[in-house]
Amino acid sequence: MKAVCWHGSHDVRVDTVPDPKILNPGDAIIKITSTAICGSDLHLYDGYIPTMKSGDILGHEFMGEVVEVGPNVKKLKVGDRVVVPFTISCGNCFFCKRDLWSLCDNSNPNSGLVEKMYGHSPSGLFGYSHLLGGYAGGQAEYARVPFADVGPLKVADGLSDEQVLFLTDIFPTGYMAAENCDIEPGDTVAVWGCGPVGQFAIRSAFMLGAERVIAIDHIPERLQLAEKAGAEIINFEEVDAGVALKEMTGGRGPDRCIEAVGMESHGMDAMGVVDKVKQAVRLETGRPHALRQAIVACRKGGTVSIPGVYGGFVDKIPMGAIVNKALTLKSGQTHVHRYLRPLMERIQKGDIDPTFVITHRLNLEQASHGYEIFKHKKDNCIKVVLKP
Ligand SMILES: NC(=O)c1ccc[n+]([C@@H]2O[C@H](COP(=O)([O-])OP(=O)(O)OC[C@H]3O[C@@H](n4cnc5c(N)ncnc54)[C@H](O)[C@@H]3O)[C@@H](O)[C@H]2O)c1
Ligand SMILES: [Zn+2]
Ligand SMILES: [Zn+2]
């Protein structure tokens with residue numbers, strides 16, 4: 001089959017690789033009909049996630065048709081059309097039973113590696129390094145899906161691929177980021193990053209009752225899309241976002257802050273330059289500029305929700321501000337399984353049409369171009385869907 005393979009920093013190619021096979025009795029093989037490129041893939045593309053090997057198949061946002069099931073699979077059958085969560089979960093461990101799916105204890109065969117760094121291992125993820133399981137990803141014609149009775153959800157009749165594809169990651173991710181804010185009536189929510197995750201966080205914040213949402217980025221078309229959803233906007237290249245937020249909230253600061261940028265944020269000040277150099281030579285693994293700004297901007301007693309991905313260690317987190325302003329920090333890879341059904345229902349009810357974020361539809365063969373334009377925000381690119 002054809003698959004998008006990682007060959008090093010800024011080098012992804014569509015290779016011919018062996019078709020996936022059932023390895024465990026609970027596996028299913030999915031013929032992929034739609035898949036997408038995520039901001040998290042850019043961290044791999046830019047070479048910031050360790051333990052990638054040349055030839056690894058990328059992709060963790062994918063859906064398609066079941067073409068084969070292992071002997072223990074009860075709920076899925078050949079021909080079912082499913083969306084597949086990017087987190088791989090067993091459904092039976094301490095964490096899965098507590099609805100904490102991205103923390104599954106049984107899906108990362110390389111957990112020993114991660115334990116050295118994090119103390120404990122999160123769940124395995126599709127197409128996201130050997131540190132997180134070494135699973136082949138879904139930017140391919142076919143994928144093997146472990147625990148097939150636990151993760152994949154059948155798509156309701158009448159919904160198109162593009163309407164439901166983002167249930168695999170970015171819609172639940174934006175939604176969980178907003179839910180983690182515990183929004184109260186009258187709240188102002190500030191969202192750093194107007195990429196796909198930020199866009200879903202903005203819309204979810206409104207769905208969960210935010211009175212105002214303020215969106216921060218420097219890419220005009222992304223800010224425009226945020227504005228369309230009802231957000232007020234700040235272009236951090238034109239004004240100091242911290243100062244602007246204070247002015248826009250009567251000096252108090254936003255009640256809830258969502259950091260949807262992650263480890264490659266742009267810094268406009270001297271500290272931003274230091275981060276860039278230190279990350280380049282791996283003295284720190286992320287550039288936490290937006291995170292620092294969110295912590296400093298947040299109102300006293302507020303919440304900072306961090307869907308943005310970090311891999312290792314970052315410098316100069318203003319711990320003093322966290323403690324002395326009594327902030328609550330919440331984060332995590334998304335517990336996608338928790339949100340699949342309720343968010344599919346929201347799509348069916350018409351609360352949201354996730355297709356708003358798609359700017360590019362490409363063939364799988366054009367994946368390398370897709371990564372390039374998404375990474376550099378060329379051609380007004382916000383979200384790329386690949387059709388195998
Ligand atoms: N927690 C999860 O489960 C999960 C799931 C999916 C994605 N993510 C993460 O969410 C983050 C965003 O993903 P995406 O797909 O939207 O990526 P993206 O790269 O398209 O979006 C990031 C946006 O942040 C903006 N940005 C950069 N520096 C900034 C700053 N200092 N202030 C404000 N905005 C700034 C960029 O211009 C860009 O528009 C990534 O780190 C990704 O890995 C997490
Ligand atoms: Zn993703
Ligand atoms: Zn589990």
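When a ligand or atom number is given, it counts from 1 through the structure's own listing order.
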Subject >> Heteroatom distance test (I170, ligand 1): nitrogen or oxygen, under 3.5 angstrom >> reply: no
Original post:
Are more than 12 heavy atoms from other residues, nucleotides or ligands located less than 6.0 Å from atom NZ of K300?
Top reply: no
Original post:
Without hydrogens or angle criteria, can the side chains of R256 and T303 be said to hold a donor-acceptor pair below 3.5 Å?
Top reply: yes
**OP:** Compute the shortest N/O to N/O distance between C194 and ligand 1 and return yes if it is under 3.5 Å, no if not.
**Re:** no
Original post:
Is any N or O atom of G39, backbone or side chain, closer than 3.5 Å to an N or O atom of ligand 1?
Top reply: yes
Subject >> Metal check, the Zn ion (ligand 2) vs D41 N/O/S, cut-off below 2.8 Å >> reply: no
**OP:** Give yes or no for whether the N/O distance cutoff of 3.5 Å, strictly under, is met between T334 and ligand 1.
**Re:** yes
Original post:
N/O of R222 under 3.5 Å from N/O of ligand 1, yes or no?
Top reply: yes
Original post:
atom 9 (C) of ligand 1: which of P288, G262, P307 has the nearest heavy atom?
Top reply: P307
**OP:** Return the name of the atom in D169, of element N, O or S, nearest to the Zn ion (ligand 2).
**Re:** OD2
**OP:** Name the closest protein heavy atom to atom 43 (O) of ligand 1, giving the residue it belongs to and the distance to 0.1 Å.
**Re:** S40 OG, 2.6 Å
Subject >> Any N/O pair Q333/ligand 1 closer than 3.5 Å >> reply: yes
Subject >> Polar contact flag, side-chain donor to acceptor under 3.5 angstrom, S34-K387 >> reply: yes
**OP:** Determine, considering heavy atoms only, which of C38, G195, G193, G267 sits nearest to atom 21 (O) of ligand 1.
**Re:** G195
Original post:
Between Y128 and ligand 1, does any nitrogen or oxygen pair lie at a separation below 3.5 Å?
Top reply: no
Subject >> Close N or O approach (V261, ligand 1; < 3.5 Å) >> reply: yes
Original post:
Any idea which N/O/S atom from H60 gets closest to the Zn ion (ligand 2)?
Top reply: NE2
**OP:** Verify, without hydrogens or angle tests, whether D27 (side chain) and N24 (backbone) share a donor-acceptor contact under 3.5 angstrom.
**Re:** yes
Original post:
Relative to the Zn ion (ligand 2), which of the N, O or S atoms in E61 is the closest?
Top reply: OE2
Subject >> Short side-chain donor-acceptor distance under 3.5 Å, H120 and E115 >> reply: no
**OP:** Using a strict 4.0 Å threshold on nitrogen-to-oxygen distance, state whether D80 and K75 make a salt bridge.
**Re:** no
Original post:
Identify the closest protein heavy atom to atom 19 (O) of ligand 1: which residue and atom is it, and at what distance?
Top reply: K377 NZ, 3.7 Å
Original post:
Which residue supplies the protein heavy atom nearest to atom 23 (C) of ligand 1, what is that atom called, and how far is it?
Top reply: D217 OD2, 3.7 Å
